[in-house]
Amino acid sequence: MRQTVRRRAAAGLAASLSLLLPTALPASAASPSGEIVLDGATSAEGIAAGEGKTFYAGELTTGDIFRGDIRKGTATRFIDAPAGRAAAGMKADTCRHLLFVAGANTGKAFVYDTNTGKPVADVDLAKGFINDVTLTSEGAWFTNSAAAELYFLPVDEHGDLGKVKTLKLSGPAADVKQGFNLNGIAASEDGKVLIVAHSLNGALYTVNPKNGKSAEIRGVKVPFVDGILVRGDNVWAVQNQLNQITRLDLSTDLSSAVVRNTIKSDAFNIPTTVALFGEDTLAAVNAQFNQPPSPFEVVLVPAWK
């Protein structure tokens, strides 16, 4: 029997509010497995679910954005980014037709119009590596893999952007070492809790978005954790060098989690980020770090096994 996403009212966890989420596909509409080539890409890292069958995937080193269709299994270059840009994690706000992109080593956030592909904003965040982004009803949160802080870019109901705010972290999420620290990020449905992934520590932490206090989600270790995805009490943690995605079950108070299953595929080649389509299909990007050039792909796998 196919499992369905469970929701706990007390936790209220989701990667973003329902108004920001992509339109759900019927389960039968999305292929449970397969590969979609990002034709012409020379690097890859981020992926975001758009409306219905649409996804966006980024070219890390150039900042170009591909737009694809998971049912047709196709993708084409959608945004030819200006020189000097980069694209790590990304999220699509399907209500306001905006794509938010973490700018990697540029220290910036980039925002694009998903209808036209035109740039909307080029926002300075901080020095370091701006690695991933999540959405709430009030705006976008970004991680920096080289600093113990998060950045909040307000967005109003009309899609107008506000002034960036920096949140200094305390507690275990503030542990900064040489290499990649904070990486993936997700938000609670009400925006009152953030969850961040720490690559070097192989851990997940909750963060209070008002004061920056953090706490470890106990009971699990996720070595090489990269992007994360949260729906209900489920967390999918991409473990890039292990070529797998681990699904975790969160406790109601978010203090602990247990491993439910590990998702693997022969097509994985250092996946970094993941998006969910409908209830059953995950789409992960192969980043192929430190390998000879080969076609970069989006890999489709079942979300539950």
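Numbers here are sequence positions counted from 1.
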Requested in this report: Provide the closest heavy-atom pair for Phe277 versus Gly52 in the form atom of the first, atom of the second, distance.
Outcome: CD2-O, 3.6 Å
Report summary line: CG (Leu38) and CZ (Arg67) are apart, to the nearest 0.5 Å, by 14.0 Å
Query raised in the report: What closest approach, in Å, do Asn131 and Ser145 show between heavy atoms, and which atom pair accounts for it?
Result: ND2-OG, 2.7 Å
Report task. Report the C-alpha separation of Leu169 and Val207 in whole Å, then their side-chain angles, then the decisive distance to 0.1 Å, and conclude whether the side chain to side chain contact (heavy atoms under 4.5 Å, CB included) test is met. Result -> CA-CA 8 Å; Leu169 301 182; Val207 174; 3.7 Å; yes
**Report entry** Residues forming a side chain to side chain donor-acceptor pair (under 3.5 Å) with Glu297, sequence neighbours excluded
**Finding:** none
Query raised in the report: Quick one: does Leu229's side chain get under 4.5 Å of Val235's, heavy atoms only?
Result: no
**Report entry** Flag side-chain contact, heavy atom, 4.5 Å: Ile228 against Val238
**Finding:** no
Requested in this report: Taking the side chain as every heavy atom from C-beta outward, state whether Leu282 and Leu300 have any atom pair closer than 4.5 Å.
Outcome: no
Requested in this report: Could you tell me whether the side chain of Glu157 reaches within less than 4.5 Å of the side chain of Glu138, counting heavy atoms only?
Outcome: no
Query raised in the report: Quick one: salt bridge (Lys or Arg N to Asp or Glu O under 4.0 Å) partners of Lys177, sequence neighbours excluded?
Result: Asp175
Query - Residue list, side chain to side chain contact (heavy atoms under 4.5 Å, CB included) with Thr61, at least two apart or on another chain - result: Thr42, Ser43
Query raised in the report: Side chains of Leu250 and Ile195: does their closest heavy-atom pair fall under 4.5 Å?
Result: yes
Query - Distance, nearest 0.5 Å, that separates OH of Tyr112 from CZ of Phe100 - result: 12.5 Å
Query - Ala203 backbone acceptor or donor facing Asn201 side chain under 3.5 Å - result: no
Report task. Could you tell me which residues satisfy side chain to side chain contact (heavy atoms under 4.5 Å, CB included) with Ala215, sequence neighbours excluded, listed by chain and number? Result -> Thr206
**Report entry** Closest contact, heavy atoms only, Ala92 versus Ala48
**Finding:** N-CB, 3.8 Å
Report summary line: Between Gly63 and Ala81, the two heavy atoms sitting closest are O-CB, 3.3 Å
Query - Asn261 side chain to Thr246 backbone, donor-acceptor under 3.5 Å - result: no
Report task. Could you check Asp93 against Thr114 for side chain to side chain contact (heavy atoms under 4.5 Å, CB included), going step by step and ending with a plain yes or no? Result -> CA-CA 9 Å; Asp93 180 339; Thr114 57; over 6 Å; no
Query - side chain to side chain contact (heavy atoms under 4.5 Å, CB included) partners of Arg77, counting only residues at least two apart - result: Glu59, Asp64, Phe66
Requested in this report: Go through Thr273 and Glu45 one step at a time and tell me if the side chain to side chain donor-acceptor pair (under 3.5 Å) criterion holds.
Outcome: CA-CA 7 Å; Thr273 55; Glu45 168 117 358; over 6 Å; no
Query raised in the report: Do Val133 and Val196 share a hydrophobic cluster (ILVMFWY, side-chain heavy atoms under 4.5 Å, transitive)?
Result: no
Report task. Examine distances only and state if a side-chain atom of Gln288 and a backbone atom of Pro295 form a donor-acceptor pair shorter than 3.5 Å. Result -> yes
Requested in this report: Only pairs at least two apart or in different chains count here, so list each ring-ring contact (aromatic ring centres under 6.0 Å, His included) that has a residue in residues 155-174.
Outcome: none
Requested in this report: In sequence, state the C-alpha distance, the side-chain angles, and the governing distance for Phe268 and Ile245, and then conclude on side chain to side chain contact (heavy atoms under 4.5 Å, CB included).
Outcome: CA-CA 10 Å; Phe268 281 162; Ile245 301 171; 3.8 Å; yes
Query raised in the report: Is Leu182 linked to Phe224 within one hydrophobic cluster, defined over Ile, Leu, Val, Met, Phe, Trp and Tyr using a side-chain heavy-atom separation of less than 4.5 Å?
Result: no
Report task. Would you please classify the geometry between the Trp236 ring and the Trp304 ring as parallel, tilted or perpendicular, with 30° and 60° separating the classes? Result -> perpendicular
Query - Partner set under side chain to side chain donor-acceptor pair (under 3.5 Å) for Asp69, not counting sequence neighbours - result: Lys53
Query raised in the report: To the nearest 0.5 Å, how far apart are OG in Ser137 and CG in Asp190?
Result: 9.0 Å
Report task. Check the surroundings of atom CG in Asn115: do more than 12 heavy atoms from other residues, nucleotides or ligands lie under 6.0 Å from it? Result -> yes
Query - Partners passing salt bridge (Lys or Arg N to Asp or Glu O under 4.0 Å) against Lys168 (at least two apart in sequence or in another chain) - result: Glu149
Query raised in the report: Do we see a donor-acceptor contact under 3.5 Å between the side chains of Asn183 and Ser199?
Result: yes
Report task. Run the numbers on Ile270 and Gln291 for side chain to side chain contact (heavy atoms under 4.5 Å, CB included), then give the verdict. Result -> CA-CA 10 Å; Ile270 310 186; Gln291 296 185 20; 3.4 Å; yes
**Report entry** Asp132 and Thr143: side chain donor to acceptor below 3.5 Å
**Finding:** no
Report summary line: The salt bridge (Lys or Arg N to Asp or Glu O under 4.0 Å) partners of Asp122 (sequence neighbours excluded) come to Arg85, Lys108
Query raised in the report: Are Leu98 and Leu153 in one and the same hydrophobic cluster, where Ile, Leu, Val, Met, Phe, Trp and Tyr link if side-chain heavy atoms are under 4.5 Å apart?
Result: yes
**Report entry** ring-ring contact (aromatic ring centres under 6.0 Å, His included) contacts touching residues 129-151 (sequence neighbours left out)
**Finding:** Phe129-Phe180, Trp141-Phe152
Query raised in the report: Backbone N or O of Gly179 within a donor-acceptor pair of the Asn181 side chain at under 3.5 Å?
Result: yes
Query raised in the report: Would you find more than 12 non-hydrogen atoms of other residues, nucleotides or ligands less than 6.0 Å from Gln178 atom CD?
Result: no
Query raised in the report: When hydrophobic residues are tied together by side-chain contacts of less than 4.5 Å, even through go-betweens, does Leu248 share a cluster with Leu242?
Result: no
Query raised in the report: Residues in side chain to side chain donor-acceptor pair (under 3.5 Å) with Ser255, at least two apart?
Result: Asp253
Query - Between Gln239 and Asp226, a side-chain donor and acceptor under 3.5 Å - result: no
Query raised in the report: So how far is it from Asn269 CG to Glu35 CD, rounded to the nearest 0.5 Å?
Result: 10.5 Å
Report task. Measure the shortest side-chain to side-chain distance between Leu276 and Arg231 over non-hydrogen atoms and say whether it is less than 4.5 angstrom. Result -> yes
Query raised in the report: Passes salt bridge (Lys or Arg N to Asp or Glu O under 4.0 Å), Asp113 versus Lys118? Steps please.
Result: CA-CA 5 Å; Asp113 185 316; Lys118 292 182 178 179; over 6 Å; no
Requested in this report: Grab the two heavy atoms, one from His198 and one from Ala173, that are nearest each other, plus how far apart they are.
Outcome: CD2-O, 4.2 Å
Query raised in the report: Which of these, Ile185, Leu135, Leu99, sits in a side-chain contact (heavy atoms from CB on, under 4.5 Å) with Lys91?
Result: Leu135
Query raised in the report: Taking a hydrophobic cluster as the set of Ile, Leu, Val, Met, Phe, Trp and Tyr residues connected by side-chain heavy atoms closer than 4.5 Å, whether directly or through intermediates, do Ile65 and Phe55 fall within one such cluster?
Result: no
Query raised in the report: Under 4.5 Å between any side-chain heavy atoms of Val155 and Arg96, yes or no?
Result: yes
Query raised in the report: Can you name the salt bridge (Lys or Arg N to Asp or Glu O under 4.0 Å) partners of Lys221, sequence neighbours left out?
Result: Glu216
Report summary line: Heavy-atom nearest pair, Ala44 first then Ala287, reads O-CB, 3.5 Å
